[in-house]
Amino acid sequence: MSKPKVGVFGFTGCGGCQLEILNLEDQLLDLISAVDIVHFTEAITEHSDNYEIALVEGSVSTEHGVERIKKIGNIAKIIVAVGACAVSGGLNCLKNLYGTERAMELVYGDKKDWIDSIEVKPIDQYIKVDYYARGCPPNRFEIVDIVRSLIVGRKPEIPNYPVCVECKRNGNTCVYEFGMTCMGPVSRAGCNSRCPNSGSGCEACRGVIDDPNVNAQKDLLARYGLTVEDIMEGFNLYNACNKVPTVENKNN
Amino acid sequence: MLYKVMDKNVYQDFIKALISNYEFIGPARKDRSVHDFVPIKNISELDTNYMRTTIPPAKKLLFYPTEKLVNYEVGKSIDVKPVVESKERILFGINAWDINGMNFLDELFTTDFIDENYISKRKNLMVIGMDSQPTETNFSPSMGADYAKSGFDIYLTELKDKYFIRIGTARGNEIIQKYAEVRNATAEDFKDYDKYLDDYRMKFKLNVDIKNFYDNFELIYNNEEFWKKVAKDCYSCGSCNLVCPTCFCFNIKDDMELNLKEGNKIREWDSCMIPEYGLVAGGHNFRPNKENRLKQRYRCKLKTFIDKFGKYSCVGCGRCIETCLAKINIAEDINSVKREVSV
Ligand code: SF4
Ligand code: SF4
Ligand code: SF4
Ligand code: SF4
Ligand code: SF4
């Protein structure tokens, strides 16, 4: 069996996802020997357009980016979106809440015309994505699991249940008991409840589960004195590119 | 059962001896709202006057949230080795309803199939019970679980100036012989003990009409309106199952090393309240909505095992009520069935 050729690509984001892969330490060597890495922006200088699997981090926010992502989409057989920016647009989407024009003015003033910037979108708005390694930063063990599953030819197991499940497996005291709030009941698990483990609320960096009980979450946050605006902020921090289900369009 | 009495001033030395001779797990304060059962190295860490624990102590020690079941190597053939961990430990300070919850798991994991991973840990666990303070959500007397008749090696009950001791096993008796100075219980001691039990029972404020629920469950089972109302705010988050002392469902995952030569099979706590639980190969989900799932959970807790083992799998500990952010309350729901079927 020849080793699958893998490319790791970066778009708009902080580059932290690629660092997560480099942080694998012990497993990194195993990973490198299990696949053939032909492109890795942050780690190697060689470059080849011959790859089967593309791990893509970052969201698409420039015209140039649109061309690049389409090219990757044409070459790779399997696309894995790595990290919140690639998966759902991530924090970058907050720009869209202002509108590209207004945001450009605010940031670049009269130099705004020099800059190539378009509405931020997750990569699956341009190409078909096969698997999502969610999170900001993503869980590096999940990235390994996806790659390993691709090598052995089975479907990676990516949870579609709330963070509360992992939080309870970890025996945490719920942060609501300390008067804090948490998006855990509607957020997608897979991070091993990273934030509640260290005593802070979840902010849904892995996105929400497929069928979140939005109304219940609104009622819950309201019991803790949050307004609808605060609540939308809670939903939007990492998910502003997605239309969040509202009371009207999602009646649970 | 042997009944003994220990003077109060002997207690400290008894505990110290156990701590220094065994791996000793007991309740300690975790944060402002809960206690947790953890290894105790010094008697000052032990706080038996607890009210709430998030995860039931016996489940935590016998059925790990995630656990390696087997280890395999892929060579010319596949070499599979079971991973069975177990060492002698003392579980100290577990209360009656959590002992009853453990007794349920003991029966479950030895019926139809012997679960080696569970039972080898259980055999090596010495259980020393003690009453704790019930929360407002505790309805264990209604479930017949506020008193432990078996499952412990020793049960200590603190009376005014002495401890009343019930010894349930030969192993418990050996420990008492070895580390504590005790005398036989007299008629006077039994009188004090009975009086204590009457007072203790008064501390439980919540009652449920479980008999009525059981009798009417089939009537309410197909009432969609009822279940929709009850499950309306459910997040399908599974917390109610994961914190339950008797929930035993698990999922098995494969964890193969990247070298593709070796790996493990891992089991982790699962929950019937999350949608994936009902998902079968081919993508069909036989419990697609939260109403179905809540109904199934109540059936499992409050009916199935009466029919199978002659006991409820709910011990009334109240943990699922406290943990549920949607305020879904099994005790209220049990009682509301009566109203629902009588109108
Ligand atoms: S802290 Fe958050 S994730 Fe954990 S149980 Fe509470 S709501 Fe769920
Ligand atoms: S707990 Fe929530 S915010 Fe934190 S890493 Fe997990 S999904 Fe992201
Ligand atoms: S009943 Fe409550 S704890 Fe259980 S799954 Fe529903 S919301 Fe979660
Ligand atoms: S169903 Fe709820 S009250 Fe009953 S034993 Fe489980 S957690 Fe306790
Ligand atoms: S089926 Fe549900 S209620 Fe029954 S033991 Fe499993 S998780 Fe608990």
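Heavy-atom basis, side chains included; hydrogens, waters and symmetry copies ignored. Labels below follow one simple rule: chain letters A, B, ... track the order of the sequence lines, proteins then strands, and each chain is numbered from 1.
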So, Thr246(B) and Lys301(B): side-chain donor and acceptor under 3.5 Å apart, yes or no? yes
For the side chain of Asp36(B) and the backbone of Asp31(B), is there at least one donor-acceptor N/O pair under 3.5 Å apart? no
Hey, is Arg267(B) close enough to Asp115(B) for a salt bridge, meaning N to O under 4.0 Å? yes
What residue, out of Ile55(B), Leu325(B), Ile274(B), has the most heavy-atom pairs lying under 4.5 Å from chain A? Leu325(B)
Quick check for you: among Pro275(B), Pro65(B), Gly238(B), which has the greatest number of heavy-atom pairs under 4.5 Å with chain A? Pro65(B)
Filtered by a 4.5 Å non-hydrogen cutoff, the part of residues 156-166 of chain A contacting chain B is Glu157(A), Asn160(A), Tyr161(A), Pro162(A), Cys164(A), Val165(A)
Mind checking the CZ-CG spacing from Phe109(B) to Leu62(B)? Nearest 0.5 Å is all I need. 9.0 Å
Please determine which of Ile21(A), Val6(A), Ile32(A) meets the side-chain contact (heavy atoms from CB on, under 4.5 Å) test together with Phe40(A). Ile21(A)
Report the C-alpha distance between Tyr118(B) and Phe248(B) in whole Å, list the side-chain angles of each, state the deciding distance to 0.1 Å, and finish with yes or no for ring-ring contact (aromatic ring centres under 6.0 Å, His included). CA-CA 11 Å; Tyr118(B) 178 93; Phe248(B) 52 81; over 10 Å; no
Chain B: which of Val35(A), Val152(A), Thr173(A) shares the most heavy-atom pairs with it under 4.5 Å? Thr173(A)
Euclidean distance, Asn138(B) CG relative to Asn95(B) CG, rounded to 0.5 Å: 8.0 Å
Between Leu242(B) and chain A, which part of the residue has a heavy atom less than 4.5 Å away: side chain, backbone, both or neither? side chain
Nearest 0.5 Å, what's the OH-CD1 distance between Tyr132(A) and Ile79(A)? 10.5 Å
Taking heavy atoms only and a threshold strictly under 4.5 Å, list by residue number the residues of residues 136-149 of chain A that touch chain B; give 'none' if the list is empty. Val144(A), Arg148(A)
Side chain, backbone, both or neither of Thr54(B) within contact of chain A (heavy atoms, under 4.5 Å): side chain
Could you tell me whether the side chain of Ser33(A) and the main chain of Asp30(A) form a donor-acceptor pair under 3.5 Å? yes
Lys60(B) portion near chain A, given a 4.5 angstrom heavy-atom threshold: neither
Any idea how Phe37(B) and Tyr50(B) line up, ring-wise: parallel (<30°), tilted (30 to 60°), or perpendicular (>60°)? perpendicular
Decide yes or no on side chain to side chain donor-acceptor pair (under 3.5 Å) for Arg297(B) and Ser271(B), but give the supporting numbers first. CA-CA 9 Å; Arg297(B) 177 179 150 230; Ser271(B) 150; over 6 Å; no
Does Lys121(B) use its side chain to pair, donor to acceptor, with the backbone of Leu61(B) at less than 3.5 Å? no
Asp254(B) portion near chain A, given a 4.5 angstrom heavy-atom threshold: both
Hey, is NZ on Lys30(B) packed in by over 12 heavy atoms from elsewhere, all under 6.0 Å? yes
